[in-house]
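One structure below.
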Amino acid sequence: MRLVRLGQQPSRVAEDIRAALASLGRGDHAVGGIALVGPRPLPTAKPVDAVVLMPHGVIIVLGVDLPDPAIKLEAPLAGQWKADGWPLVGRGSAAHPAASALSQASSICRQLRQTAPKSLPIGTIVAVGPFVETVEQPAADLTGTTRVLHPTPTTMLAATVSLASGDTPCTVDEVRALLRVLAPEVAQLGTEVLTAEGFADGPAEPGQDPLSAVTLTMPAVPAKPPAPAAQPRGPVTTETPPAPPSTPSSAPPLTPPSAPAPATPSAAPPPKPIEVTAPVPKIRTPVAAPRNSRTVRWLPMAAIGLLAVIMVTAIVLATTRSGDSAQPAPSTAPRAQTVQGFQFLERASGTQQSCAEHAYGDLQASLQRAACTMMRRGSFETTVDGKPVAVSIAVVYFGDETAATAFKAVADTPGGGGVTDVATEAGKWSRTPQFAGAAYASAITGTAVRLVLTSWFDSASSASDPNLVEVAHLALSVQVS
């Protein structure tokens, strides 16, 4: 898959879309094609996140930003969406947040259909973010040409293979015609480049199945009566049986009637189970001999004495502990949240109304200029392949989206400062992690900005460590109390 970047992608989930497309690799070893990132297929409409031209189909990718991360998204194309059971509404009278994106995709599909071959399917991918663990679509929607997903390498690969299912591969000339419509400013790609991505150098021969090397038509083999003995193995020679004398030469050859098959003897019925009656031995229960009357006589007296001892003991305990109130010991087990198999154990949390004093660097100066309304911080611990990882999360709330966007831009700038870890401030770590060189992730939802840092406890950390980066993105959906 070759990526051609044309312009800025319009959605906040655009980075995940671009990363998922790039993960498909170069050439056709996984999924070949040309991915146009940020094109404007309709001059009067805004750009789309991507249009993917593949040898067996065209896919329009549009990003849709949800208000918050979600674990489960119910996304019917013709009904209301629900995120973790909460209904999501679109703009105006739209049934769901992706209604306008689907309308734009329909317009683009009509325009491309004028240039694309009739046998080339055109599908749509609605990529939702900032994070969704599971997307559920009705079975009827999955039979169509639209998929709703959170863009990851796995989901993007499955969707592209499912939607690009044309029988005849697109040729080099046909894909160049589509490129002229979608991106006329892009220089013409060479034939070697396009064929390396899986496009055909020329049209397939008529009547030839492009998915198989050889297509054979086998004649019907006439039925033969079962042979009485097994034939020795060897090359099979098919001969045309001679026509019966009574058959006219003008009539088509008929299969000679086979001799009636001998009646197959029915399988012998299974033998009836043999019933065996075994004599039941007589069981004699010994009758206990009557006890000595003297033994029975002292048992009630012993029971009364034992009861008296128990009552005295209870009274003594009650009088000696009358001032004490039994209370259950407080639970010291940390709270745990599980996200995609990773368990995040809470070590500390806190909520503050003043934010600047808990930040440093340019981020502190930004909070002094535009104060936040509230800050929630949480420190968590998880493990990757048995190694402990420290996770620091800060959720900063603002009065409007403009201030939140400006704050996130400062936070995303390398060397722009950060928010101090709450467990480090309170001394709640059993061993203090070093967040220097930690992996970083951020997300914005309305007026709330979420910042995440992840680092190793026992070794140096790197911002590009794939394990730390994965944990940082998963922590974007961890709830901070």
Side-chain angles (χ1 to χ4, degrees), residues 1-11 14 17-18 21 24 26-28 31-63 77 98 100-127 144-147 156 159-211:
M1 181 68 66
R2 176 181 290 265
L3 268 65
V4 179
R5 189 164 183 174
L6 301 176
Q8 188 69 27
Q9 294 172 275
S11 65
I17 295 174
R18 191 165 60 251
L21 291 174
L24 299 178
R26 209 68 182 270
D28 61 349
V31 176
I34 306 296
L36 303 177
V37 179
R40 189 190 294 269
L42 301 176
T44 58
K46 66 179 183 179
V48 298
D49 287 272
V51 176
V52 184
L53 305 177
M54 303 172 64
H56 294 279
V58 177
I59 301 177
I60 305 165
V61 184
L62 301 104
L77 298 179
S100 60
L102 293 176
S103 176
Q104 183 181 6
S106 299
S107 301
I108 298 172
C109 180
R110 286 193 296 269
Q111 181 186 13
L112 294 180
R113 185 49 68 193
Q114 300 175 5
T115 306
K118 294 182 179 180
S119 60
L120 195 68
I122 301 178
T124 303
I125 292 178
V126 178
T145 59
T146 302
R147 300 289 184 271
M156 189 65 73
T160 52
V161 171
S162 172
L163 295 176
S165 57
D167 294 333
T168 305
C170 185
T171 65
V172 170
D173 293 336
E174 290 169 343
V175 73
R176 283 175 177 166
L178 290 172
L179 287 171
R180 285 192 294 269
V181 174
L182 294 169
E185 67 275 18
V186 176
Q188 179 172 298
L189 299 177
T191 302
E192 293 182 358
V193 173
L194 296 176
T195 53
E197 296 295 336
F199 296 100
D201 194 7
E205 297 181 4
Q208 180 181 358
D209 184 0
L211 300 181

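Judged by distance alone, the side chain of Ser106 and the main-chain N or O of Leu102 form a donor-acceptor pair under 3.5 Å.
The closest side-chain heavy-atom distance from Pro41 to Leu112 is not below 4.5 Å. At a threshold of 4.5 Å between non-hydrogen side-chain atoms, the residues Val172 and Leu189 do not count as touching.
Annotation: the span from Arg18 atom CZ to Leu3 atom CG amounts to 8.5 Å, rounded to 0.5 Å. In this structure, Glu192 CD and Asp201 CG are separated by 10.0 Å, a value rounded to the nearest 0.5 Å. Taken from CD1 in Ile125 to CD1 in Ile59, the straight-line distance is 4.5 Å, to the nearest 0.5 Å. With values rounded to the nearest 0.5 angstrom, His56 atom NE2 is found 8.5 Å from Thr168 atom OG1. Rounding to the nearest 0.5 Å gives a distance of 10.5 Å between CD of Gln114 and SG of Cys109. Within the model, atoms CD1 of Ile108 and OG1 of Thr124 stand 8.0 Å from one another, a figure rounded to the nearest 0.5 Å.
Between Ser162 and Arg147 the shortest heavy-atom distance is OG-NH2, 3.0 Å. Taking all atoms of both residues into account, the shortest heavy-atom contact from Leu53 to Phe199 is O-CZ, 3.4 Å. Residue Gly63 comes nearest to Asp49 through the heavy atom pair N-OD2, 2.7 Å, listed as atom of the first residue, atom of the second, then distance. Contact record, Ser165 with Pro121: N-CG, 4.0 Å, taken as the closest heavy-atom pair. Gly144 approaches Leu163 most closely through the heavy-atom pair O-CD2, 4.3 Å. In terms of heavy-atom proximity, Val126 sits nearest to Ala98 at CG1-CB, 3.9 Å.
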request  = Could you give me the CA-CA distance, side-chain angles and deciding distance for Ile60 and Ile122, then say whether side-chain contact (heavy atoms from CB on, under 4.5 Å) is met?
outcome  = CA-CA 8 Å; Ile60 305 165; Ile122 301 178; 4.2 Å; yes
message = Could you go through Leu120 and Leu178, starting from their C-alpha distance and side-chain angles, then the distance that decides it, and tell me whether this counts as side-chain contact (heavy atoms from CB on, under 4.5 Å)?
response = CA-CA 12 Å; Leu120 195 68; Leu178 290 172; 4.3 Å; yes
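For Ser119, there are no side chain to side chain donor-acceptor pair (under 3.5 Å) partners two or more places apart in sequence or in a different chain. Under the side chain to side chain donor-acceptor pair (under 3.5 Å) criterion, Ser107 pairs with Arg110, sequence neighbours left out. Annotation: side chain to side chain contact (heavy atoms under 4.5 Å, CB included) contacts of Ser100 (sequence neighbours excluded): none. Shown here are the side chain to side chain donor-acceptor pair (under 3.5 Å) partners of Glu174, two or more places apart in sequence or in another chain: Thr171. Under the side chain to side chain contact (heavy atoms under 4.5 Å, CB included) criterion, Arg40 pairs with Pro47, sequence neighbours left out. Listed by chain and number, the residues in a side chain to side chain donor-acceptor pair (under 3.5 Å) with Thr191 are Arg176 (sequence neighbours excluded). Under the side chain to side chain contact (heavy atoms under 4.5 Å, CB included) criterion, Ala101 pairs with Leu62, Val64, not counting sequence neighbours. Annotation: side chain to side chain contact (heavy atoms under 4.5 Å, CB included) contacts of Ala50 (sequence neighbours excluded): Leu21, Val61.
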List, one per line, each side-chain donor-acceptor pair under 3.5 Å for residues 179-188, sequence neighbours excluded.
none

